[in-house]
Amino acid sequence: MEAMEIDRESMSQNHITREDKEEEEERGKLNPIVVLLVGAPGSGKSTFCDHVMMNCPRPWARICQDTINNGKAGTKIQCLTSAGSALKDGKSVFIDRCNLDREQRADFLKLGGPQVEKHAVVLDLPAKLCISRSVKRSGHEGNLQGGKAAAVVNRMLQKKELPKLGEGFTRITFCQDEKDVQETINTYNALGPSDSLSSGCFGQKNANVKIQLGIMKFLKKVDSPGDASSEANVSQKCVHNEVSKEKDHGIEGTQNCSVPSGHACEDVKDCDKVEMTSVADGNASDNIPTLAFPSISTADFQFNLEKASDIIVEKVEEFINKIGKARLVLVDLSHGSKILSLVRTKAAKKNVDPNKFFTVVGDITRLHSGEGLNCNVIANAANWRLKPGGGGVNAAIFSAAGLALESATKERAGSLKPGKAVVVPLPPTSPLFTREGVTHVIHVLGPNMNPQRPNFLNNDYVQGCEVLREAYTSLFEGFASIVRSYGGSSKGSSGRSVKSETSPTNGGQKVKREAVYESDVNKKYKGFQKDLKPGVRNYLNGKEDLDKEDGGGMTKAWGSWAKALYNIAMHPDKHKNVVIEILDDVVVLNDLYPKAQRHLLVLARGEGLDCLADVRREHLSLLKTMHAVGLKWTEKFLDENKSLTFRLGYHSVPSMRQLHLHVISQDFNSQHLKNKKHWNSFNTPFFRDSVDVIQEVSDHGKVVLKNEDNILSMELRCHRCRSAHPNIPRLRSHISSCQASFPASLLQNGRLVFVPSEDGTGK
DNA sequence: GTTCTAGAAC
DNA sequence: GTTCTAGAAC
C-alpha cells in the first residue's frame, strides 16, 4: 500500500514541473478536495484511504497523524502543514486521524481556503467492531495492550461529536456498516480529477439513526446536560435543504436518501408513521390476514347450536396456531346471536387467543365499511350448487360481490359436497374487493339438518358433527393456503398496496428477505399487531374500554405465554410457591428468572392494567403503593446486604401482561442474564424508573412512551462507567468488577436505592 | 418471558 | 472447533 502512495506522489511531482500558469490551470481542473475521515481507532480509516488511493483516478495524499513523523506518530501541526503542501501540489487530501470532535476538525476545515471543498467521511461503525479491530491490531487480545485499546476506543466514542454541515463541510457521508463503507469507497473511486460530488449529508439510515440517537441521547442525559441541541436543529434544517436540492438535480441516484443528523429520531419515526397510515388507511391491522366466517349450518340448515359452537371452538383452536399471526373472526348479523355468545364463552374458557380469534356482530359483506374491520377473506355458507339466491349469508355475499364472484366461482367448481370448501379469488372488479378489501371468498357447505333442504341428515348428529368438522377443516385449510400464498404477494390484505412491503431495501437484505419470506411475513404481522391502537385491541378482546383510545399510542398483543403474571395477579392464593406477599392491591413475587442477586416483581392485582401504556391518573395511588411496597422490600434486602444498590422501574413494553414493577439489585450477577435484550431492558431508557413514572402520570395523566424500536438491540454498555462491550460474557465479566460510580442522572431523584457509605458520598 | 438451534463471529 | 447471537416456537 505504501508503495502505491509513493507512486501517486511521484506522478503528481511530474505535474508541478510545468509553468506556473499551466500549473494554475491544471490545479483548477484538478479541483482538489479535503476529506476528513472521522472515526474511532479500528473504524477502518486507513483502509478506506488505501482503497480509494488504489483505484481513484485523481491524485491523493493521505495525511496520517500516526505515521507522519517518519513512520511514527506526529502532531496536528505537522498534519496541517503536510496537508497544505499536498493541496498546493494539486492533490486531494485525506486527513486520516480520528477527528471525532469538532474542535479537532476545525483547523483542517480552513485548509486551502473556502474554494477547496471539505468532505467528511464518518466511519460510525459499532463500537465493538472498532474495539475488536484495535485490540487485534495491538496484537494480543486480552492482555493489557488489548484492554488499553478497548478503553481508548470507548473513551473516544463516548465523546464523539458527529460532524455537521454547519462546521464548513460541503458533504458528509455516514457509514454505519461495511456495506456503507464499500459504497462510499466506490463513490470516491469514481471521482475523476475534475469531478466533484454533490453537497449534503448522505448515508444515515433510519433504523440506525434511532440506535445511534438512542445512545447519544442516553449519553447526553448521563454526561452533559446542556449540550448544544439547538445547534443540531439548525444543521438539520440545513441538511434538509441540501437533500432536496440533491434530489432535484437527480445527481446521486444510488445514494441512500440522507436522514438528517441531530435530533431526527422522532421526526423519522413520524415520517414512517405518516407514510404507513396514509397508505394503510390508518388501521395497521389492515395487513393481518383475516378470515371472517359465518357459523356454518346453524341458520337455514338448523344445526344444533351447542354442538356447532363446540365444533367451531375446537376447530379454531386446532387451526389458530397453524396460520401464524392470521386471525379468524366469527361473524353474525344479529345482536342477540346465540351462536356468538356460545362460541365466545367456550373460546374464553379454552383460553383461545382473543387477538387471533374473536366474534363480531355485523354484516359479513360490510365488515370494512361498516365495522372498520379488514377481512381479506370471507367465508360463504354456500349451497351445493354454488349459486346465488336462497337467503342469508349466501344471498348477501353473492349480491354484494356482483357477477364477478359468480363467474369466478364457476371457473373453480360447479358444485360442492357437504364438508367441502372451495377457495375463489375475487376479481378486483368486484365491489366486495374494491370497497371491502376482500381478496378471496371461500364457499363452504355444511351438513344440513333441515328436512326442507337437500341432503337432509335426519337428526344424525354423529354424521352431522363429522361433516361440520370437515367443513371447518376445509374452510380453515383454504384460508391457510391463502395466507401462505401472501408470502410472495406485494398486496396488502385489503387490496391496497402496502408501502412497507414494497419499500426498497439493499440488495443483500432483499435476497435474504425473499428466501425467508414466510417467516418474514409473520414477523411483519406481529409488528402490525403490536401497532394496533389500544382501542382496536380492546375491541378485539371484546372489551369496551375506549378510555385507552387516546393513550400512549401503541399497545401490544400478548402471546399465549405472556399471561403467567396475569394469572398470578388474579389468583395469588393458587401460586403460593412463588408469591411472597399478598396485599389488597398488589402481589409480590420473586422473578422466576432473576437477572440480579435480588430481583422481585410487585404486581398490580387489578384487571385491565397490562402495562405502562394503560396507566392513567386514576392509577396514581396504585403506582405509589407499588413503589412503596418495592421500597419496603429493598429495605429488607439492604438490611441483609448493605453493599447492594436497587433500582425500581417498569419496562416500557413488557413481555408479560399485567403491570409489574421490577425491583432489581444493580449487580446484575445472575446466570439468567443471557442476552442483549435482558441487559438493555434494565439499562437503557427502556427501563422507566418508578419515580419518573409516578411524576409523569402526576403531571400528564399518563406515561409518555417513546417507541424506540431498536433500543433493546443497542450496543452493550456498562451501567456504571458506560463502557461498551462486544458481548454479554465480556460485559458480565466487566460489570463483576466495575467500581465506577453510577451516572449522575441515576443518583438523582431517588432512582437508585442504597445505604449511603460512611463518608456520605453515596456510591 | 424461556428454550432451542442455525449459523455467524471469532 | 468453540462461542455467541438472534430468530422461531412455545
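Convention: sequence-line order gives letters A, B, ...; per-chain numbering from 1.
Atom C1' of nucleotide B:dA9 and atom NZ of A:Lys676 are separated by 13 Å, given to the nearest angstrom. Taking atom CG on A:Asn321 and atom C1' on C:dA9, their separation rounds to 10 Å, with Å as the unit. Computed from coordinates, the A:Leu603 CG to B:dG1 C1' distance equals 14 Å when rounded to whole Å. Going from atom CG of A:Asn727 over to atom P of B:dA9 covers 13 Å, rounded to whole Å. A:Trp679 has its CH2 atom 16 Å from the P atom of B:dG1, to the nearest Å. Rounded to whole Å, the distance from CD1 on A:Ile568 to P on B:dG1 is 13 Å. One interatomic measurement links the two molecules: CH2 of A:Trp561 to P of C:dA9, which rounds to 14 Å at whole-angstrom precision. Going from atom CD1 of A:Ile664 over to atom P of B:dG1 covers 10 Å, rounded to whole Å.
Of the possible polar contacts, none joining the A:His725 side chain to the A:Arg717 backbone as a donor-acceptor pair under 3.5 Å is found. When atom types are taken as modelled, the side chain of A:Lys595 and the backbone of A:Tyr593 share a donor-acceptor pair closer than 3.5 angstrom. Between the side chain of A:His627 and the backbone N or O of A:Leu623, no donor-acceptor pair lies under 3.5 Å.
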Extract from the structure each pairing of a protein N or O with an N or O of nucleotides 3-7 of chain B at less than 3.5 Å, listing the distance.
{"from": "B:dT3", "atom 1": "OP2", "to": "A:Lys674", "atom 2": "NZ", "distance (Å)": "3.1"}

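Cation-pi contact between A:Arg688 and A:Tyr650: absent, since separation from the ring centre below 6.0 Å together with deviation from the ring axis within 45° is not met. A cation-pi geometry, defined here as NZ or CZ lying under 6.0 Å from the six-membered ring centre and within 45° of its normal, holds between A:Lys322 and A:Phe319.
Taking A:His660 as the reference, A:His662 meet the ring pair (Phe, Tyr, Trp, His ring centres under 6.0 Å) condition, with sequence neighbours excluded.
Residue-level contact check: A:His651 touches the backbone only, with heavy atoms under 4.0 Å from sugar-phosphate atoms and none from bases. Residue A:Lys595 is classed as a sugar-phosphate contact, given heavy-atom separations below 4.0 Å to backbone atoms only. A:Leu592 comes within contact range of no nucleotide atom at all, as no heavy-atom separation falls under 4.0 Å.
Going from atom CG of A:Asn683 over to atom CG of A:Leu746 covers 8.5 Å, rounded to the nearest 0.5 Å.
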